[in-house]
Amino acid sequence: DPAAARWERVPSPAEMREKWMHASAVVGDTVYAMADRGGIAFRPRIGAWESVGGELDLGWRGRACVVEGVLYCYDYLGKIKGFDVGRGVWEELKGLEKGLPRFLCGATMADLGGKLCVVWECQGSSGKEIEIWCAEIGVKKNPDGELLGQLGWFGKVLSLPKGSSIVHCSSVAV
């Protein structure tokens with residue numbers, strides 16, 4: 001409770017307590033958490049838990065973030081997809097077919113002021129380093145609800161010793 005500056009315990013369903021939770025995100029007023037088999041949603045204002053539909057569980061791969069109420073993640077083919085919670089469907093983010101290099105793993109995402117920030121790693125040209133790359137993508141829905149992305153920029157932002165990897169990506173407004 002940020003207003004009271006205190007933490008409170010929240011009882012959770014017994015069948016979820018021993019599962020390994022591999023991902024979580026907040027969309028609107030709901031916290032979604034994906035487990036090794038199945039996921040749950042928690043609505044803190046009313047203290048209600050519910051199972052999430054199989055569609056969300058099947059499409060949520062890798063690290064994700066929420067921009068403008070849409071949950072974005074990438075699939076293992078390097079495509080970015082968005083989940084519309086209201087409609088319960090995954091859609092490919094269109095408009096990025098050319099210009100954005102493929103990243104198959106090690107990518108993470110953050111909401112960067114209403115834009116989708118994607119950060120990924122790849123092997124450097126010398127083979128002795130890891131390169132960290134970043135892309136800024138404007139995202140919106142067209143009148144038909146289709147997700148459209150517009151690449152603002154992308155490029156290498158950092159070189160690190162081999163063996164390094166991205167653990168998490170966050171953005172903070174100051």
Side-chain angles (χ1 to χ4, degrees), residues 2 5 7 12 16-27 30-42 52 55-85 90-140 147-174:
W7 289 91
S12 60
M16 296 307 290
R17 291 186 200 136
E18 295 186 21
K19 289 190 175 199
W20 177 69
M21 296 298 198
H22 64 83
S24 64
V26 176
V27 182
T30 304
V31 179
Y32 293 89
M34 301 311 294
D36 48 357
R37 278 173 255 109
I40 55 173
F42 177 62
V52 297
E55 192 65 31
L56 178 60
D57 190 20
L58 290 173
W60 195 336
R61 300 290 177 260
R63 301 169 190 145
C65 77
V66 177
V67 179
E68 304 290 328
V70 176
L71 175 73
Y72 289 95
C73 72
Y74 66 96
D75 65 16
Y76 294 118
L77 299 175
K79 293 183 179 181
I80 298 173
K81 295 186 176 185
F83 187 75
D84 185 320
V85 175
W90 284 100
E91 290 188 34
E92 183 178 339
L93 183 62
K94 305 228 175 168
L96 301 176
E97 295 80 14
K98 296 180 182 171
L100 189 63
R102 288 182 59 184
F103 44 89
L104 298 179
C105 61
T108 188
M109 302 178 176
D111 178 346
L112 188 62
K115 293 185 178 178
L116 181 61
C117 177
V118 181
V119 180
W120 69 97
E121 60 195 52
C122 58
Q123 186 169 344
S125 57
S126 71
K128 296 180 181 178
E129 60 187 19
I130 297 294
E131 294 179 349
I132 306 297
W133 286 66
C134 181
E136 182 183 84
I137 302 167
V139 292
K140 66 179 182 177
L147 298 174
L148 303 174
Q150 181 173 6
L151 184 61
W153 68 270
F154 79 92
K156 182 175 91 171
V157 294
L158 187 64
S159 291
L160 297 169
K162 191 171 183 174
S164 303
S165 68
I166 300 167
V167 175
H168 190 69
C169 180
S170 296
S171 66
V172 178
V174 290

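No experiment lies behind these values; they were computed from the predicted model shown.
- To the nearest 0.5 Å, atom OH of residue Tyr32 and atom CH2 of residue Trp60 are 9.0 Å apart.
- Annotation: ring pair (Phe, Tyr, Trp, His ring centres under 6.0 Å) contacts of Phe42 (sequence neighbours excluded): Trp49.
- Legend: residues meeting side chain to side chain contact (heavy atoms under 4.5 Å, CB included) with Leu151, ordered by chain and number and at least two apart, are Leu96, Leu100, Ala135, Ile137, Phe154.
- Note that NZ of Lys79 and NZ of Lys94 are 9.0 Å apart. Values are rounded to the nearest 0.5 Å.
- Here the CD-NZ distance, from Glu129 to Lys162, works out to 10.5 Å after rounding to the nearest 0.5 Å.
- A search for ring pair (Phe, Tyr, Trp, His ring centres under 6.0 Å) contacts involving Trp90 returns Phe83, not counting sequence neighbours.
- Sparse packing is recorded around CD of Gln150, with 12 or fewer heavy atoms of other residues, nucleotides or ligands lying under 6.0 Å away.
- Residues satisfying the side chain to side chain contact (heavy atoms under 4.5 Å, CB included) criterion with Val66, sequence neighbours excluded, are Ala25, Val27, Leu71.
- Residue Trp7 places its CH2 atom among 12 or fewer non-hydrogen atoms of other residues, nucleotides or ligands, all under 6.0 Å distant.
- With sequence neighbours excluded, the residues satisfying side chain to side chain contact (heavy atoms under 4.5 Å, CB included) with Glu91 are Arg87, Val89, Glu146, Leu147.
- The CG atom of Leu93 lies 11.0 Å from the SG atom of Cys73; values are rounded to the nearest 0.5 Å.
- When Ile80, Val67, Val119 are each tested for a side chain to side chain contact (heavy atoms under 4.5 Å, CB included) with Met109, only one passes: Ile80.
- The side chain to side chain contact (heavy atoms under 4.5 Å, CB included) check on Lys156 picks up Glu131, Trp133, Ser159, with sequence neighbours excluded.
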